[in-house]
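Written out below as structure tokens is the structure these notes cover.
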Amino acid sequence: MRKILFTLSLILACSAMSMGWGFYGHKVIQQLSVYALPKDMQAFYHRHMKYLVDAAVRPDERRNTDSAEAVRHFIDVDYFGPNAVNEMPESWAAASAKYPVDTLTKYGLVPWHVVVMQQRLTRAFQQKSVDSILFYSADLGHYIQDAHVPLHTTLNYDGQLTDQHGLHSLWESKLPEQNLPGYSLKHKQAQYLANPEHAIWEVVRGSHKELPNLLALEKQVTKQFTDQTKFVVTERNGRTRKNYSDAFAKAYQEALGPMVEQRMQAAAHMTASFWFTCWVDGGRPNLKNLLATPYTKAQAKQFKQERKAWKKGQLQKKDLLLTKGR
Ligand SMILES: [Zn+2]
């Protein structure tokens, strides 16, 4: 019995439900997105940057109180067949005509929920509602960022089907936390998305494409480790936790090359592109008029400095990231 309990608690600790980039990653990506916005949007988003960064993780926190929340963060698209990522109808109307809504909901809604959030943010711009613009910008960013995590697009979301338990938090939390100082956080400017629905499906396809490599490289790196060096076992409050060791994470990061960094950059670019698209589709309201107090010269100067540091990949070096990690 004890052995069973021990094994059970190990499994539970290893397969802790997915967070999507971890709190740190979401907050960093949300901040980076602000720097990729066009001039007309910069002052408003910079003024509210701290709010956006803090609220970047709110949808994950909401899962504790709202049972409908969890399925909005992923899509286990391979449940629908080996090539479903290319064959799934992109629109909700077409997808729900092909599959029962219960089934679609069970295996995750992230691309469709992004479209719902995009529509709400567009409406918020039309209504010039500051509160709603901020609320939906933060939430929309979170779901777009989750869609960039390869393990958010598969039934094997924690490596649990291939004996790689704990891979989820290793890839999306431990690797960015451990390696961010070495990442280039520069990415492309926001682009107008003529077809946002298609754009978010392209994101899901891009994430899904990384999976075979992501899984195979973990197996390959494992060959250089023993069970003792690969994992760290800790006990907290009577629970045994088994996590990947720092040494394993380092070797895995080297094997992956720029994969995590590139998904972060793409997530920031796409978050900014969706915000920009919603603003354009919402009639390009003058955002400076929506500020409670005028944007000062000092603030504009500060933004210029931050943006310059972002362009040079020096945000970390100059200590300009609002969130400091672990
Ligand atoms: Zn999430």
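Note that ligands are numbered from 1 as they come in the structure, with each ligand's atoms numbered from 1 the same way. Nothing here was measured: the structure is a model prediction, and the numbers come from that model. Counting from 1, the numbers follow the sequence of the chain as shown.
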Which atom name would you report as the N, O or S atom of [X] nearest the Zn ion (ligand 1)?
{"X": "D60", "answer": "OD1"}
{"X": "H73", "answer": "ND1"}
{"X": "D146", "answer": "OD2"}

Subject >> salt bridge (Lys or Arg N to Asp or Glu O under 4.0 Å): pairs with one or both residues in residues 287-302, sequence neighbours excluded >> reply: none

**OP:** Output yes when K106 and D76 qualify as a salt bridge under the 4.0 Å nitrogen-oxygen rule, no when they do not.
**Re:**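 Salt bridge: no.
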
Original post:
Is R58 paired with E61 through a side-chain N to carboxylate O contact shorter than 4.0 Å?
Top reply: no

Original post:
Of all the atoms in H152, is at least one N, O or S atom closer to the Zn ion (ligand 1) than 2.8 Å?
Top reply: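 Not a single backbone or side-chain N, O or S atom of H152 is under 2.8 Å from the Zn ion (ligand 1).
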
Original post:
Quick check: does H142 put an N/O/S atom under 2.8 Å from the Zn ion (ligand 1)?
Top reply: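 Here the distance criterion (N, O or S atom, under 2.8 Å) is met by H142, so yes.
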
Subject >> Pairs where residues 260-270 contributes a residue and the test side chain to side chain donor-acceptor pair (under 3.5 Å) is met, not counting sequence neighbours >> reply: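 Every side chain to side chain donor-acceptor pair (under 3.5 Å) pair that includes a residue of residues 260-270, provided the two are not neighbours, is Q191-H269, S207-R263.
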
**OP:** Check whether any side-chain heavy atom of L175 sits under 4.5 Å from a side-chain heavy atom of Y244, and report yes or no.
**Re:**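 With C-beta onward as the side chain, the pair stays apart.
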
